[in-house]
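What follows is a single structure, and I will ask about it in a moment.
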Amino acid sequence: MAAIEVNGCLINSSISNFHHRQNRSTNGLTVGKIVELTKQFESTAEPSLVAELLSTTQNGGILFPLRFAFDFTRGNPHAFRVFAQNIDVFPDGFESVIAYLFETNLSEGTRPYVRRILYALYFSTTVSSVSDISEEVWTTFVLQFKNSDTQWKPSLDFNAQHKRAFSKLAEYLNASFPTKLGYDKPVKVKRLATAGRITGKSVEIIKNPPANLIKWVEILTEYRSGPRLAKTTKYSNGPFLNFASWLDLYPEDVRSDPKVFLSSHRASPSWVDHVVDCGGGTLKGKMVPIVNYIADMVDWFIEENMVLVEGEDRTSYGHPLLTNLERKQFENKAKAVSVGKPTQTTSAFLPRRLVKLVQKILTEDNWAWPKSLQADYFTINVDGSARQVWNPVVAYLIYTMTELPWRKIQVKCLDSGEGDALRYSLESDIWVQNRSAGADYCQRHIQHALDRVGGATPRST
DNA sequence: AGCGACGACTTCTACACTCG
DNA sequence: CGAGTGTAGAAGTCGTCGCT
């Protein structure tokens, strides 16, 4: 039972306990009464109980458990509505928060959760108005609901709406009050590392291996730094974590010593089956490198440490994880389920019938349809009067692409721009007069151009 | 009206690798 | 070594539905 003081506001730091602000002898009675009133109200939803609850609370100088507002009348929408109608929380700002939720189209299902957060501030802290919620107060308040790893405390059983509501309220506070750090900072959750989520292993077991993995990590380290180094550094930790979780399925005395472990065929379950299990139960192409990496490593270890050579005789007393045949079969199966990647982007071309149709639509009646599109017109100055001129660039561009297998960018590159009145100066970063021989081609040939394409003018050559 | 769950979707981040 | 790339999957968003 403790409270934290921030900027003159007290915040109850307990999820499930009341905090007494005044002498304890009377408060014991008060808490009992509040609990009793709460229970009564939750079952009867009797409006008069709300006033009694409030007056008892205010007189008792009591801070409610932090989870109170989230649990209160949960599961009884009717009671929650009666409660909401009979209580005036934060008269200065409550309505403006609610208005903000409507303005920003917050889905209906999340609004009550925002209200519960405001209730939590009202009942579990001494904050007396929305403008009292400074960044420090908000941060301290929010952090009470979270673990040190920034995850929401699992015991609270927050669902998506709770989390959304915290984000939304933080958004409102950010928009309403000047911020230094941002009200949304404490609300953010740092994501958990994904590596080893399925295997239950993390890279920690490679950095500081437990007793039964020490020798295996030594093998991994040597394999990585030696024979494998020349090939690639890809897939090293992941496959090993997977492997470590497979070893866990065998007795401690067997798995601790690689030579012992590999002295027998280990197939219950097999290495491949375990990888498939960890990956969701169905074989996928991405499992091949995982299986092969460890299988290669074990093959190498057996070759280095478990083969006896006497003259011409070569005897291996190590059992590889997969025989050559098994490996071939596994790879073939995996290849069959994985989708092949095209080596280049592919794009289905338009059927010739439709290409013809496009050309017809474009050119019919002297380009009538393209000329009907207002977006393809621009206004020029002809002897002091404004004149609407059709710009054929888009229509010609599309038509060109129906005749030639070109990309749009390739057609655009044909527009060199030397006839333009202005050119862009890279040095001074502004548009300057174009001084080349072909400059102003459009202006000089405008009437000719207009006549030629029936009201159109080429933008440049 | 509100609860809680669901599913389709987007966003974000740790990880592992590549490249210069 | 740091910047850049690609990926899986966790976190988060948001509308909807059945229910009380």
Side-chain angles (χ1 to χ4, degrees), chain A residues 41-45 47 50 67 69-87 98 101-119 142 145-147 149-154 156-172 182 184-207 220 224 228-244 275-276 278-282 284-290 292-294 338-339 341-342 345:
Chain A
F41 179 78
E42 281 183 321
S43 57
T44 64
V50 177
R67 63 178 307 154
F70 295 99
D71 293 346
F72 184 54
T73 72
R74 204 159 160 186
N76 186 349
H78 173 60
F80 185 75
R81 193 156 74 246
V82 171
F83 181 73
Q85 281 162 357
N86 286 277
I87 185 175
I98 301 301
L101 303 183
F102 276 92
E103 274 167 33
T104 53
N105 289 323
L106 180 67
S107 68
E108 241 173 58
T110 306
R111 277 178 215 142
Y113 292 80
V114 178
R115 297 169 72 175
R116 285 187 183 272
I117 298 173
L118 290 172
Y119 292 155
V142 171
F145 297 97
K146 303 179 85 185
N147 288 331
D149 62 357
T150 77
Q151 302 277 312
W152 296 101
K153 285 183 179 171
L156 289 162
D157 202 18
F158 276 179
N159 58 29
Q161 288 91 318
H162 285 100
K163 295 163 191 172
R164 172 91 182 110
F166 269 100
S167 304
K168 198 68 189 183
L169 188 51
E171 187 185 305
Y172 167 82
D184 53 331
K185 287 285 184 300
V187 172
K188 293 272 193 294
V189 173
K190 192 166 184 259
R191 289 163 194 227
L192 298 173
T194 55
R197 189 186 56 85
I198 291 165
T199 58
K201 304 286 179 186
S202 73
V203 282
E204 198 54 31
I205 64 159
I206 295 175
K207 285 180 195 151
L220 174 74
R224 253 187 209 171
R228 190 73 185 193
L229 189 64
K231 281 183 132 184
T232 172
T233 52
K234 212 175 180 183
Y235 299 114
S236 44
N237 286 351
F240 188 80
L241 300 184
N242 220 313
F243 178 66
V275 172
V276 174
C278 285
T282 50
K284 288 171 191 159
K286 67 174 179 174
M287 293 167 182
V288 174
I290 299 176
N292 281 348
Y293 189 93
I294 300 297
S338 66
V339 286
K341 280 183 189 163
T345 53

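Here is the naming used below: chain letters follow the sequence lines, and residue numbers restart at 1 for every chain. The analysis underlying the following values was restricted to heavy atoms, covering all of them including side chains, and did not include hydrogens, waters or symmetry mates.
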TODO: From the options C/dA11, B/dA5, C/dT13, select the nucleotide whose nearest atom is closest to the side chain of A/Asn159.
DONE: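 The listed nucleotide nearest to A/Asn159's side chain is B/dA5.
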Task: Contacts of A/Tyr113 that satisfy ring-ring contact (aromatic ring centres under 6.0 Å, His included) - sequence neighbours left out - done: A/His162
Task: Nearest-angstrom distance from the residue atom CG of A/Leu101 to P of C/dT13 - done: 14 Å
Open item on the list: According to side chain to side chain contact (heavy atoms under 4.5 Å, CB included), who are the partners of A/Ala160, at least two apart in sequence or on a separate chain?
Closed with: none
- [ ] List for me each residue that meets salt bridge (Lys or Arg N to Asp or Glu O under 4.0 Å) alongside A/Lys153, sequence neighbours excluded, and say none if there are none.
- [x] none
TODO: For A/Leu169 and C/dT13, give me the distance from atom CG to atom P, rounded to whole Å.
DONE: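 Atom-to-atom, A/Leu169 to C/dT13, this comes out as 13 Å.
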- [ ] Starting at atom CD of A/Gln161, determine the distance to atom P of C/dG15, rounded to an integer number of angstrom.
- [x] 12 Å
Open item on the list: By the salt bridge (Lys or Arg N to Asp or Glu O under 4.0 Å) test, which pairs, at least two apart or in different chains, include something from residues 75-87 of chain A?
Closed with: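 Non-adjacent pairs meeting salt bridge (Lys or Arg N to Asp or Glu O under 4.0 Å): zero.
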Each nucleotide N or O in nucleotides 1-3 of chain B that has a protein N or O under 3.5 Å away: list the pair and distance.
unit_1: B/dA1; atom_1: O4'; unit_2: A/Arg81; atom_2: NH1; d: 3.2
unit_1: B/dG2; atom_1: OP1; unit_2: A/Arg115; atom_2: NH1; d: 2.6
unit_1: B/dC3; atom_1: OP1; unit_2: A/Arg116; atom_2: NE; d: 2.9
unit_1: B/dC3; atom_1: OP1; unit_2: A/Arg116; atom_2: NH2; d: 2.7

Open item on the list: Please report the distance, rounded to the nearest Å, between CZ in A/Arg164 and C1' in B/dC9.
Closed with: 14 Å
Task: Atom-pair distance (NZ on A/Lys163; P on B/dC12), nearest Å - done: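 For the pair A/Lys163 NZ and B/dC12 P, the rounded distance is 17 Å.
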TODO: Using whole Å, report how far CG of A/Asp184 lies from P of C/dG12.
DONE: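 From A/Asp184 CG to C/dG12 P: 13 Å.
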Open item on the list: Taking the cut-offs as 6.0 angstrom to the six-membered ring centre and 45 degrees off its axis, would you call A/Arg67 and A/Phe158 a cation-pi pair?
Closed with: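 No; the conditions do not both hold, so A/Arg67 does not lie above the ring face of A/Phe158.
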Task: Separation of atom CZ in A/Phe102 from atom C1' in C/dC14, rounded to whole Å - done: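 Nearest whole value for this atom pair: 16 Å.
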TODO: Figure out the NZ/P separation between A/Lys168 and C/dG12, and round it to whole Å.
DONE: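 Rounded to the whole Å, the gap is 16 Å.
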Open item on the list: Test of understanding: with salt bridge (Lys or Arg N to Asp or Glu O under 4.0 Å), list the residues that count as partners of A/Glu171, not counting sequence neighbours.
Closed with: A/Lys168
